[in-house]
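Computed from a predicted structure; not experimentally measured.
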Amino acid sequence: MSQKLKPNRAIALLLTLTLTLSFLFTLPLLAESLADGPYLVAGAITGGSGRASIESPVQLSVQNGQITARLVWSSSNYTWMEIAGKRYEALPGEEFSTFEVPVSLDQDLPFKAETVAMSKPHVVDYTLHLEADTLEKASPDAQEQGTSRSGSSGKQAASPKDREDGGLTEEALDKLYAPASLGNGWKAEGKLDLTYAQHFRVDYFQEGYALIRTTDGSRYLLIPQGKPIPDKLDEDVQLIPLPLQQVYMAATGSMGYFAALEAMDSLGYSSLQAQDWFVDPARQAMEEGSLAYGGKYSEPNYELLLAGGCKLTIESLMISHAPEVKEKLEDLAITVFVDLSSQEAHPLARTEWIRCYGTMLGKDQEAQAFMDQQIKLTQQAEAQAAKALADRGQEAKTVAFFYINSKGNAVTRKSSDYLAKMIELAGGHYIFDNLGKSSQSMSSVNMEMEKFYATARDADIIIYNSAITGELQNIDDLLALNPLLAEFKAVQHGEVWCTDRNLYQSASQHGQIIRELSIIICGPDANNSTDGDLDYFFKLK
């Protein structure tokens, strides 16, 4: 005899069945129903020792119904992730282990990951879960900026990159830089005229006050010495008291601007140790004791900074991976200035950030003079390239720029990257014509060696990027990385070059770097400088 279910139990079972079917039939449609573009979603991992975590919110990219997540770990020791039997390597050039992997929402996604944090590599089981109900559309440049929630105001200004070179359109700039306002009724009396840079702007106000705005929506008001903080400022306006003193430099690429302006005495703390600096004035200052180690950017020595009177820290976009650090610094009344020079599309736009720091340091004329010199060096390189092409009566020499990672893959730069543009400005032709999309956040492209060989083997010149892996001493060191390189045309013709370790700490010197690339590609310049006069490259023998 069958037994009837009690009404309450029947209702409960029916509700459970309904929810289960809804869950099963809704999930596959969720990704397909999302419009292409960037998103943010809350996410977390479980498993292992419980100490590892991922940055949340997680950046998502949706294309044709497929969801790809950019997972940034709390550690730099993870080398690969394996999902559904497929292995994904860590992206190169990232401070923390970072992966781009396919995902689903509201499902427990099991995966394996290898960590080298212990005495030998270990494979650990984890589970990823992304909460669909937290999904929100991100700004078009969220992947470039690290998160659409950056900036102290919590507001993210849209900055679409519609130009082919990856730069901002005039329409986007107009929206980003609406008439400057502080919230107290003051009107801007002028602005700094820029030639290349797009990701910062300086507006001048009465009595020497100046406002720096950046494309992540941040606003920084420079307070002249002896002047009061204006009343009724908007809450999100951050303050930078002048003159700059005891600054904590946590953006390694920005150190060159201070060195070029001979302003090392404005700095008090560094996020690198002396041996890690390839900017000579920075290393010398640390060795002499005038510049102290203030802890790495993700673990600053708060007590030391406070005791020394630090009121400003200069950070790169890496601070987006440590939001708790930014919040703590601001709680301690230390203004966090985020340098966005790495977002600039044109190499000279990155160099023009020296004018931003010139404004902070009261060295506008010196910054302008330095920028003019870098433009002049670039123009000389372009003229030399044009002459060399006319003399040879042939097409530009092709150039490959790369390094070999620990997995044996070639890591090169996408075609729209600023380094590829410097090669073009110097009279060369970057060997990869359409590699990577200008809208993608990653500037590096990881290629299997066979694919790299198929395209780059006939390059006239190859430049090995030892700024990442350490300098090579000779051709044998190069061939030890992969014997296949012996078949490259440039190797056989003796046209193999290596970058110096200081390349990425020298954003202020891009005009000089372009000039040196021109000497490599086109031969001695108008001043009869040869490859023996180079500071950023050397030839492998």
Side-chain angles (χ1 to χ4, degrees), residues 27 30-31 38-63 66-132 134-135 138 142-143 146-147 296-299 317-325 403-412 436 440-449 451 468-469:
L27 264 178
L30 180 58
Y39 293 82
L40 295 172
V41 66
I45 59 171
T46 55
S49 64
R51 292 193 296 268
S53 63
I54 58 170
E55 180 183 296
S56 182
V58 176
Q59 298 174 25
L60 301 182
S61 175
V62 176
Q63 187 172 8
Q66 301 297 315
I67 306 177
T68 301
R70 179 179 172 84
L71 302 180
V72 181
W73 288 70
S74 58
S75 165
S76 60
N77 294 312
Y78 289 88
T79 58
W80 53 258
M81 291 176 57
E82 185 178 289
I83 300 174
K86 185 173 181 179
R87 183 168 296 186
Y88 300 87
E89 302 291 337
L91 298 176
E94 299 289 336
E95 179 77 12
F96 296 97
S97 297
T98 304
F99 300 83
E100 291 183 352
V101 298
V103 295
S104 300
L105 302 180
D106 270 344
Q107 287 184 323
D108 286 337
L109 180 66
F111 68 90
K112 299 179 183 295
E114 180 188 68
T115 175
V116 294
M118 293 165 272
S119 58
K120 61 180 181 179
H122 281 73
V123 177
V124 184
D125 291 318
Y126 293 99
T127 299
L128 170 69
H129 192 90
L130 304 176
E131 299 288 345
T134 66
L135 187 72
Q143 290 179 328
T147 172
K296 62 184 298 186
Y297 85 93
S298 58
E299 297 177 1
L317 280 171
M318 292 306 300
I319 194 63
S320 66
H321 298 306
E324 71 285 354
V325 172
Y403 71 91
I404 304 296
N405 66 14
S406 60
K407 303 298 182 181
N409 293 335
V411 181
T412 187
Q440 291 175 335
S441 60
M442 290 298 298
S443 59
S444 299
V445 179
N446 196 328
M447 304 176 67
E448 292 184 354
M449 196 59 193
K451 183 177 180 180
I468 299 292
T469 61

Q: Please lay out, stage by stage, how Tyr78 and Val124 fare under the test side-chain contact (heavy atoms from CB on, under 4.5 Å).
A: CA-CA 10 Å; Tyr78 289 88; Val124 184; 5.5 Å; no
Q.
Quick check for you: to the nearest 0.5 Å, what is the distance between Met318 atom CE and Lys296 atom NZ?
A. 9.0 Å
Q. Under the criterion side chain to side chain contact (heavy atoms under 4.5 Å, CB included), which of Ile83, Val58, Leu71 is the partner of Leu128?
A. Leu71
**Q.** Trace of the side-chain contact (heavy atoms from CB on, under 4.5 Å) decision for Val123 with Glu82
**A.** CA-CA 10 Å; Val123 177; Glu82 185 178 289; over 6 Å; no
Q | Non-hydrogen atoms of Gly43 and Ile54 that approach each other most closely | A | C-CD1, 4.1 Å
Q.
Nearest 0.5 angstrom please: Tyr39 OH to Leu130 CG, how far?
A. 14.5 Å
Q: Evaluate the side chain to side chain donor-acceptor pair (under 3.5 Å) criterion for residues Thr68 and Glu100: first the C-alpha distance (whole Å), next the side-chain angles of each, then the deciding distance (0.1 Å), finally the verdict.
A: CA-CA 6 Å; Thr68 301; Glu100 291 183 352; over 6 Å; no
Q | OG1 on Thr79 to CG on Asn405, rounded to 0.5 Å | A | 11.0 Å
Q. For the atom pair CD1 (Ile404) and OG1 (Thr412), what is the distance rounded to the nearest 0.5 Å?
A. 10.0 Å
Q: Run the numbers on Asp108 and Thr46 for side-chain contact (heavy atoms from CB on, under 4.5 Å), then give the verdict.
A: CA-CA 10 Å; Asp108 286 337; Thr46 55; over 6 Å; no
(Q) Whether the side chain of Ser97 engages the backbone of Ser75 through a donor-acceptor N/O pair (distance < 3.5 Å, no angle test) should be reported. (A) yes
(Q) Looking at every heavy atom in both Ala410 and Met449, which two are closest together, and how far apart are they? (A) CB-SD, 4.2 Å
Q: Check Val72 against His321 and note the closest heavy-atom contact, atom names and distance.
A: CG1-ND1, 3.5 Å
Q: Quick one: closest heavy-atom pair of Gly47 and Tyr126, and the distance?
A: O-CE2, 3.6 Å
**Q.** Heavy-atom donor-acceptor pair, Asn409 side chain to Asn446 backbone, under 3.5 Å
**A.** no
(Q) Please find the pair of heavy atoms, one from Val325 and one from Tyr297, that lie closest to each other, and give the distance. (A) CG1-O, 3.5 Å
Q. Is there a side-chain contact (heavy atoms from CB on, under 4.5 Å) between Val101 and Leu109 once you walk through the steps?
A. CA-CA 11 Å; Val101 298; Leu109 180 66; 5.9 Å; no
(Q) Would the distance check show the side chain of Ser298 and the main-chain N or O of Ala322 forming a donor-acceptor pair, the cut-off being under 3.5 Å? (A) no
Q | CZ-CZ distance between Phe99 and Arg70, expressed to the nearest 0.5 angstrom | A | 11.5 Å
Q. In Å, rounded to the nearest 0.5 Å, how long is the span from CE of Met81 to CZ of Arg87?
A. 12.0 Å
